[in-house]
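Step one of this worksheet: look at the structure below.
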Amino acid sequence: MDRGFRDRIQLIGGTLAAISIALCASSIICLVLLRLYTKSSYRLALYQVSSSLLVGVASLGAFYSLPMSGSNSTTCMAFAFLAQYTVWVQIVFTACLTFHLFCLSVFFKNLAKCEPTYVLFSLLVPLSLAIVPFITKSYGPYMYDAWCWIQSYSYNSTNGTIMDHERNFIGEMEQMVLLFGPAFTILLACSGGVIVMGIILACRAFKNGAALAVTNSGQQLLKQLLPLTVYPILFFLFFLTPFANRLYMIREDNVPPESLTYAVVFFITSWSMAPGVGLLVHMAIIFFITRKRRGCGRKVRNYVSIDEEGIATRGTSQRTVSVTSAT
C-alpha cells in the first residue's frame, strides 16, 4: 500500500470532517440565536444536526487517531466505537424524525409529546449495535489503514500490518449485520416515507375545499418540513456508495480501487455535513425574506410559527367533513 495515498485519505477525510463540524456548529448557533428551538419541528432539526455534529467529531478522531497513536492503540478502538455509535444515533433519529413528520403531515397526529422518547430511543438503541464489535475486539484500522472502524482484515500484532489474505470474517459479518444491512433497510424505508408524504401533500394542494396544503397553517407546516424531509433522502443516497464499496470488498476479496476509496471518504463525511448545510440554507432563505423587516429575529420566528395541535384538530375536522360529504 502506498503510504502517500493513505496520508492523502486521512488528510481529505479529516479536513471534510472538520468542515462538517464547523457547518453543524454554525447551524446550531444560528438556530439558537433566532430562537427557533421554541418550535417543535425545529427542535427536531436541532437534535438531528447535533447528532451530525457528533458524527463529525467521531469521524475526525477516526481519521487522525491512527497516525497519532498507531493501529493497535486504545485510542483507535475508542474512536471506532464512537464512529459506530454516533452513526447509528443519526440513523435511528432520522427514522424517528421521518415517523414524526409522516404522522403530522399525513394523519394529522400531533406527536410532540414523543420528543423525549425520540431522543432517548436514539441514544440507547445504538449502544447495543456499537458494543458488539468492542466485545469481539473487531475495532481497529479499516481500508488501507486510513481510519478506524470494524476491521476487514487481521493484523500482525507486532507491527500493525495486514496479514496477507487473512480476512477477518467476524469483522466482515459485523459490518453487514451491525451497520450496512439494517441501515440500508431503514434509510430506504425513510426515503420511501418522505416520497409518499410529498405525494400526499401535493395531491392535497390540488384538491378543492379544505385541503391542508392550501391553508395558511398548511403553508407554515411545509416551511418547517422543508429542512427536515430532504435529509432522509440525501442520507440514503450518500449511503449507497459506502454500501456498494462494502459489497465490492466482499466479492473481490480485496481493498477497493483508489478512486472508489476517495468517493467513500467523501460520502461518509457527507453524512454529517448535509444536515448542517441544509439547515443553514433553510434559515438563510428565511432570513433573506424577512431581512428588511424590523425585529428580524421575531419576524423569522413568526414566519415559521405553527400550531401543531391546531393542525391535528383541523385535520380531524377535515376528515369528518370529507366523510360526511361522501355520505
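Remember, predicted model here, so these are calculated numbers, not experimental data.
Looking only at side-chain heavy atoms (C-beta outward), Met283 and Leu36 come within less than 4.5 Å of each other. For the pair Phe99/Tyr118, a side-chain contact is recorded, criterion being any heavy-atom separation below 4.5 Å from C-beta on. A heavy-atom distance below 4.5 Å is found between the side chains of Ile131 and Phe81. Side-chain contact check for Val87 versus Ile268: every heavy-atom pair is 4.5 Å or farther apart. In this structure the side chain of Phe102 never reaches within 4.5 angstrom of the side chain of Leu111, judged on heavy atoms. Looking at Ser152 and Arg246, their side chains come closer than 4.5 Å, going by heavy atoms from C-beta outward. Residues Val119 and Ser122 form no side-chain contact, since every pair of their non-hydrogen atoms from C-beta on lies 4.5 Å or further apart.
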Quick one: side chains of residues 176-201, donor-acceptor pairs under 3.5 Å with protein atoms, not counting sequence neighbours, listed by atom name and distance.
unit_1: Thr185; atom_1: OG1; unit_2: Gly181; atom_2: O; d: 3.2
unit_1: Ser191; atom_1: OG; unit_2: Leu187; atom_2: O; d: 2.9
unit_1: Ser191; atom_1: OG; unit_2: Pro232; atom_2: O; d: 3.3

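Transitive grouping of hydrophobic side chains (ILVMFWY, heavy atoms separated by less than 4.5 Å) brings Leu23 and Val49 into a common cluster. Note on Trp147: it does not cluster hydrophobically with Leu54, by side-chain heavy-atom contacts below 4.5 Å among ILVMFWY residues. Cluster annotation: Val230 is connected to Leu101 through the hydrophobic network of ILVMFWY side chains, with a link wherever side-chain heavy atoms come within less than 4.5 Å. With hydrophobic clusters built from ILVMFWY side chains whose heavy atoms lie under 4.5 angstrom apart, Leu129 shares a cluster with Met77. When hydrophobic clusters are built by joining Ile, Leu, Val, Met, Phe, Trp and Tyr residues whose side-chain heavy atoms come closer than 4.5 Å, directly or via intermediates, Leu127 is grouped together with Ile135.
Listed by chain and residue number, Leu53, Val57, Leu60 satisfy the side-chain contact (heavy atoms from CB on, under 4.5 Å) test with Ile21 (two or more places apart in sequence, or in another chain). By the side-chain hydrogen bond (donor to acceptor under 3.5 Å, both in side chains) test, Thr94 pairs with Gln48, sequence neighbours left out. Applying the side-chain hydrogen bond (donor to acceptor under 3.5 Å, both in side chains) test to Ser138 and every residue at least two apart in sequence or in another chain returns Thr136, Glu174. Under the rule for a side-chain contact (heavy atoms from CB on, under 4.5 Å), the partners of Tyr37 that lie at least two apart in sequence or sit in another chain are Leu31, Val32, Arg35, Arg43, Leu46. Listed by chain and residue number, nothing satisfies the side-chain hydrogen bond (donor to acceptor under 3.5 Å, both in side chains) test with Trp271 (two or more places apart in sequence, or in another chain). With sequence neighbours excluded, the residues forming a side-chain contact (heavy atoms from CB on, under 4.5 Å) with Ala83 are Ala58, listed by chain and number. Scanning for side-chain hydrogen bond (donor to acceptor under 3.5 Å, both in side chains) contacts around Gln84 gives Trp149, with sequence neighbours left out.
Looking at every heavy atom in both residues, Val265 comes nearest to Gly13 through CG1-CA, 3.5 Å. For Gly140 against Cys76, the heavy-atom pair with the smallest separation is C-SG, 3.9 Å. Shown here for Ala17 and Thr269, the closest heavy-atom pair between the two residues is N-CG2, 4.1 Å. In terms of heavy-atom proximity, Ser128 sits nearest to Val125 at OG-O, 2.7 Å. Annotation for Val55 and Gln90: closest pair CG2-OE1, 3.4 Å, computed over non-hydrogen atoms. When all heavy atoms of Val89 and Pro126 are compared, the closest pair comes out as N-CG, 3.6 Å.
Within the structure, the side chain to side chain donor-acceptor pair (under 3.5 Å) test picks out the following pairs touching residues 13-23 (sequence neighbours left out): Ser20-Ser272. Counting only residues at least two apart or on different chains, the ring-ring contact (aromatic ring centres under 6.0 Å, His included) pairs with a member in residues 244-266 are Phe5-Tyr262. Screening residues 48-59 for salt bridge (Lys or Arg N to Asp or Glu O under 4.0 Å), with sequence neighbours left out, gives no hits.
Note: Phe239 and Phe243 have parallel aromatic rings, judged against thresholds of 30 and 60 degrees for the angle between ring planes.
To the nearest 0.5 Å, the span separating CZ on Phe238 from CD1 on Ile233 amounts to 11.5 Å. Atom-to-atom distance recorded for Met249:CE and Asn245:CG is 6.0 Å, nearest 0.5 angstrom. Remark: Ile29 CD1 to Cys24 SG distance equals 11.5 Å, nearest 0.5 Å. The distance from the OG1 atom of Thr86 to the CG atom of Leu123 is 11.5 Å, given to the nearest 0.5 Å. For the atom pair CD1 of Ile28 and OH of Tyr47, the computed distance is 12.0 Å after rounding to the nearest 0.5 Å.
With Glu115 contributing its side chain and Leu44 its backbone, the two residues share no donor-acceptor pair below 3.5 Å.
Note: Phe93 and His100 fail the aromatic proximity criterion, with ring centroids not under 6.0 Å apart.
Other residues sharing the hydrophobic cluster of Ile170, ordered by chain and number and joined by side-chain separations under 4.5 Å: none, the residue standing alone.
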